[in-house]
Amino acid sequence: MSPIPIPIDGGAVLTPLQAGMTLTPLQAAILAFVLGCALVAAVLRDVLGVIIASAAYSLGIAVLWVILRAPDVALTEAAVGAGVTTLLFLLTIAKTVRPSDERRLELPSPRTAVVVLAFVAVLAATVPAMPAIGSPDAPVVDSRVTEYYLENAYEQTEVKNVVTAVLAAYRGFDTLGEAVVVFAAGVAVLLVLKREVFV
Amino acid sequence: MSAPSPLVSGVLLGAASAFAALAVVVLYRVLRGPTMQDRVIAVNVIGSNTVVILALVAAALGEPMYLDVALVYALLNFLMSIAISKFTVERGGVI
């Protein structure tokens, strides 16, 4: 079976982030904005200010998703990152205490900085090794696992969409676990809100 | 809606870049404050900026579907500002 060609938006040009590592001015500006938001959220002392900064971070990162041609991810980021998370954080600090003193900024502790730097180092070491987005040479395109699913999914599960077949049949227990997580999160939100139903 | 000519899309993307740079500048107001109301207004400006950037990108790439994201953003931006404002006025009243 020949490798499956990946349609990229009807032959549209790849964004520079996909083609190489050069940035357009728009991407550079948004990345600077997102980085700035993250730094502001890290150094602000007041948690309400941190919530506002992380909401702005969410807004910025979702624009980046749109530029990378993933509007569905951008919608989710907007709804969850900017909307639901902000509300839940506000509810949380409404029910707990806010440290209130005169200091406006507080640098993160050295231990936190070390952990963050280690994580950045891991990312810097592993991310460049990944194949380019949409690359026809990516291992997943012509791997035996992909071909197995494409050839046998319909006969074995009688589900026409291969992605749905993998999610609901081959990885059914994994999906069940995810559903349990979502259910637990919903119950936790109801507990925080002290309500019995949503809406 | 098909993708516009390279000149037009370049101008649109350039305008979007200018708006993104403006958002970076407004971020200073989020950091500096000094009051929480300043921060709420600043994040509201950033949200409006985001909607404009999304609309410009949608026009530049010729993808009307991206306008849906911009619409959701406009709604959420309003919701977020209202929630934070209400929180600063009456503590605990979020929704």
Side-chain angles (χ1 to χ4, degrees), chain A residues 9-10 12-13 15 24-37 39-41 43-44 46 48-49 51-53 55-60 62-63 65-67 69 71-84 86-95 98 104-105 193, chain B residues 3 12-28 30-34 36 39-40 42-47 49-51 53-54 56-58 60-63 65-73 75-77 79-81 83-84 86-88 90-95:
Chain A
D9 284 331
V13 288
T15 60
T24 64
L26 180 60
Q27 287 168 340
I30 290 175
L31 278 178
F33 170 73
V34 167
L35 196 61
C37 284
L39 287 176
V40 167
V43 300
L44 270 184
D46 187 12
L48 184 53
I51 291 173
I52 293 175
Y57 170 87
S58 245
L59 293 173
V63 177
W65 294 135
V66 168
I67 296 173
R69 296 176 181 270
D72 47 341
V73 184
L75 271 179
T76 313
E77 177 71 40
V80 174
V84 177
T86 307
L87 279 180
L88 286 178
F89 278 155
L90 283 177
L91 281 170
T92 307
I93 63 172
K95 291 177 189 303
R98 269 166 74 191
R104 194 162 49 83
L105 301 179
L193 292 174
Chain B
L12 289 171
L13 284 178
S17 317
F19 273 104
L22 187 64
V24 178
V25 177
V26 176
L27 197 58
Y28 172 73
V30 176
L31 175 69
R32 185 71 219 283
M36 205 48 73
R39 296 203 173 105
V40 175
V43 88
N44 203 336
V45 171
I46 289 174
N49 252 333
T50 312
V51 174
I53 293 172
L54 284 173
L56 286 171
V57 169
L61 299 181
E63 298 265 4
M65 200 212 142
Y66 293 177
L67 289 175
D68 298 347
V69 185
L71 279 177
V72 171
Y73 257 62
L75 292 172
L76 279 173
N77 188 31
L79 177 80
M80 199 167 66
S81 303
I84 300 174
K86 204 175 167 199
F87 179 85
T88 56
E90 47 176 300
R91 192 182 152 77
V94 177
I95 41 179

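Computation of the quantities below employed the complete heavy-atom set of this structure, encompassing side-chain atoms and omitting hydrogens, waters and symmetry-equivalent molecules. Chain letters run A, B, ... following the sequence lines, proteins first and then strands; every chain starts at 1.
- Looking at B:I84, the atoms closer than 4.5 Å to chain A (heavy atoms on both sides) sit in the backbone and in the side chain alike.
- We find the CG-CE distance between A:L90 and B:M80 to be 10.0 Å, quoted to the nearest 0.5 Å.
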Worksheet entry | Residues A:L44, B:R39; criterion side chain to side chain contact (heavy atoms under 4.5 Å, CB included); working and verdict | CA-CA 12 Å; A:L44 270 184; B:R39 296 203 173 105; 3.8 Å; yes

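- Of all heavy-atom pairs spanning A:C37 and B:L27, the tightest one is N-CD2, 3.2 Å.
- Between chain B and the residues A:A29, A:A79, A:P71, the most heavy-atom pairs under 4.5 angstrom are made by A:P71.
- Using a 4.5 Å cut-off between heavy atoms, B:V69 touches chain A through backbone and side chain atoms alike.
- The parts of A:A62 that come within reach of chain B are both its backbone and its side chain, each placing non-hydrogen atoms under 4.5 angstrom from that chain.
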Worksheet item: Taking it one step at a time, do A:L26 and B:V57 satisfy side chain to side chain contact (heavy atoms under 4.5 Å, CB included)?
Response: CA-CA 10 Å; A:L26 180 60; B:V57 169; 3.7 Å; yes

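- In this structure, the portion of A:V43 lying under 4.5 Å from any heavy atom of chain B is its side chain and not its backbone.
- Looking at A:T92, neither its backbone nor its side chain comes within 4.5 Å of chain B, counting heavy atoms on both sides.
- With a threshold of 4.5 angstrom between heavy atoms, B:N49 does not approach chain A through any atom at all.
- The minimum heavy-atom distance between A:F33 and B:I46, with the atom names listed, is CZ-CG2, 3.4 Å.
- Between atom CD1 of residue A:I30 and atom OG1 of residue B:T50 there is a gap of 8.5 Å, rounded to the nearest 0.5 Å.
- The contact between B:V40 and chain A is made by backbone and side chain atoms together, counting heavy-atom distances below 4.5 Å.
- When each of B:A23, B:A18, B:G14, B:G47 is scored by its heavy-atom pairs under 4.5 Å with chain A, the top score falls to B:A23.
- Interatomic distance, CG of A:L59 versus CD1 of B:I53, reported as 10.0 Å (0.5 Å rounding).
- The two residues B:Y73 and A:A78 make their nearest non-hydrogen contact at CE1-CB, 2.6 Å.
- Of all heavy-atom pairs spanning A:L87 and B:L79, the tightest one is CD1-CD2, 4.3 Å.
- When each of B:V24, B:V26, B:L22 is scored by its heavy-atom pairs under 4.5 Å with chain A, the top score falls to B:V24.
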